[in-house]
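Naming: A, B, ... by sequence-line order, numbering from 1 per chain.
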Amino acid sequence: MSNNILSRISTFINRVVDAVSQGSFERVRILREFNLVFREAYMQMELDRLCIVTTSPGNQANKHDLSTFYLRSGFKITIENDHKLLENDYIEIAKYVIESRAFVRQLMALGYDTLIIKGKNQYRGLEIPLKTIANLHDYMLNR
Amino acid sequence: MTNTSEKIIIGIGLLSILLGLVLTYSKRKTKRELRKRVLAENNPDYSETAKNIKNSILKSKDLYKSLIIQVHPDKFLDAYKEIASELSARITKSKKNYDELMVLKIEVEEFINNIK
């Protein structure tokens, strides 16, 4: 019960920080939509693992032109029921996310610079620099 | 004399602060415009993107297999072989993207119907 309240409070604070730091609710919206779709798919037993998307600290080495403050620059997908999850599974999940360059560019525009995929109870995870998948050069040249 | 030099130092300090503010503002403005442009040119419906990722995890593997078998270049001759090769390459490129595979599915069906 207390965990639930704490998690709600931290989600609320995260949303406020995202909205204030970006000057819009786009980040809040993307996290909400993703969590809604993944939760629904898990509840309907389409997906056998529950994925939760949050903002987390990124990696300063992955910084690009639109990166936000590094403590808020990670797009993190946490797999809640991570029993028997192998490193290959992380790579496989990441491939589906980074398949769309347009989506990766959107993440970059929202200030994210690192895609993190991690199991809830595992120390290991996967970290992908978004700038290696897509770039914003074309947009910067067409100013 | 001391008073004048103090005033000059304060003036330079204020000017530096003002210049810093102007530079920061213009940098932030450029960033904001760039962000707006990227977001405007890409699909703003995050729900669609999330659904596509979910569908890709669930269904793209089977769809990919069925499409790639249908357009295997060895099954065709001459000009058709070329089209089949091109379609195969595009299908492989979109292997993990359900929405794009669905678009390609229509193209594959049209291609096969044309041959018949």
Side-chain angles (χ1 to χ4, degrees), chain A residues 21-42 44-49 51 53 64-68 75 77 89 91-112 134-143, chain B residues 20-68 87-107:
Chain A
S21 67
Q22 290 295 302
S24 76
F25 285 97
E26 288 293 299
R27 270 179 164 235
V28 177
R29 207 159 67 82
I30 197 166
L31 298 181
R32 198 186 53 221
E33 301 283 359
F34 265 72
N35 284 327
L36 213 68
V37 169
F38 285 142
R39 188 171 294 125
E40 208 176 275
Y42 180 71
Q44 290 171 355
M45 287 191 268
E46 289 179 313
L47 290 177
D48 50 5
R49 296 193 189 271
C51 300
V53 183
H64 56 75
D65 293 307
L66 292 180
S67 280
T68 188
F75 187 78
I77 300 177
D89 297 322
I91 297 169
E92 199 63 17
I93 293 167
K95 278 182 186 167
Y96 287 106
V97 179
I98 61 177
E99 172 66 30
S100 165
R101 292 207 176 156
F103 174 60
V104 173
R105 267 197 299 273
Q106 278 178 325
L107 288 181
M108 289 169 84
L110 292 174
Y112 293 110
N135 63 57
L136 302 167
H137 293 165
D138 290 345
Y139 291 90
M140 293 170 80
L141 290 173
N142 297 329
R143 259 179 212 170
Chain B
L21 284 174
V22 170
L23 285 175
T24 310
Y25 175 76
S26 85
K27 205 175 163 186
R28 287 194 76 153
K29 197 181 166 196
T30 317
K31 265 191 175 187
R32 205 166 46 234
E33 279 168 8
L34 180 60
R35 183 177 296 128
K36 260 187 191 171
R37 206 164 44 240
V38 178
L39 290 175
E41 281 183 25
N42 295 292
N43 181 14
D45 192 347
Y46 303 124
S47 174
E48 284 294 310
T49 312
K51 277 178 192 161
N52 183 34
I53 291 174
K54 180 201 81 179
N55 285 333
S56 300
I57 294 171
L58 288 172
K59 304 170 188 168
S60 68
K61 206 172 182 175
D62 291 340
L63 184 56
Y64 165 75
K65 273 185 191 168
S66 91
L67 291 178
I68 205 78
L87 275 171
S88 300
R90 284 169 58 203
I91 290 166
T92 307
K93 203 179 164 198
S94 305
K95 195 177 177 179
K96 292 190 185 297
N97 191 328
Y98 182 73
D99 282 354
E100 282 177 18
L101 284 178
M102 283 306 282
V103 173
L104 283 164
K105 188 185 174 193
I106 297 167
E107 281 188 49

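- In this structure B/Glu107 satisfies the salt bridge (charged side-chain N to carboxylate O under 4.0 Å, His left out) test together with B/Arg90, sequence neighbours excluded.
- Between chain A and the residues B/Asp45, B/Asn97, B/Asp99, the largest count of heavy-atom pairs under 4.5 Å involves B/Asn97.
- In terms of heavy-atom pairs under 4.5 Å with chain B, the best-connected choice from A/Glu99, A/Lys95, A/Arg32, A/Glu46 is A/Glu99.
- Heavy atoms closer than 4.5 Å to chain A are found in the side chain of B/Leu58, but not in its backbone.
- One finds no salt bridge joining B/Glu33 and B/Lys36 here, because no Lys/Arg side-chain nitrogen approaches an Asp/Glu carboxylate oxygen to under 4.0 Å.
- By number of non-hydrogen pairs under 4.5 angstrom with chain B, the leading residue of A/Glu92, A/Gln106, A/Glu40 is A/Gln106.
- The nearest pair of heavy atoms linking B/Tyr64 to B/Ile91 is CD1-CG2, 3.5 Å.
- Checked against salt bridge (charged side-chain N to carboxylate O under 4.0 Å, His left out), A/Arg49 has no partners two or more places apart in sequence or in another chain.
- Interface residue A/Phe34: backbone and side-chain heavy atoms are both found under 4.5 Å from chain B.
- Between the B/Ser26 side chain and the B/Leu23 main chain, a donor and an acceptor come within less than 3.5 Å of each other.
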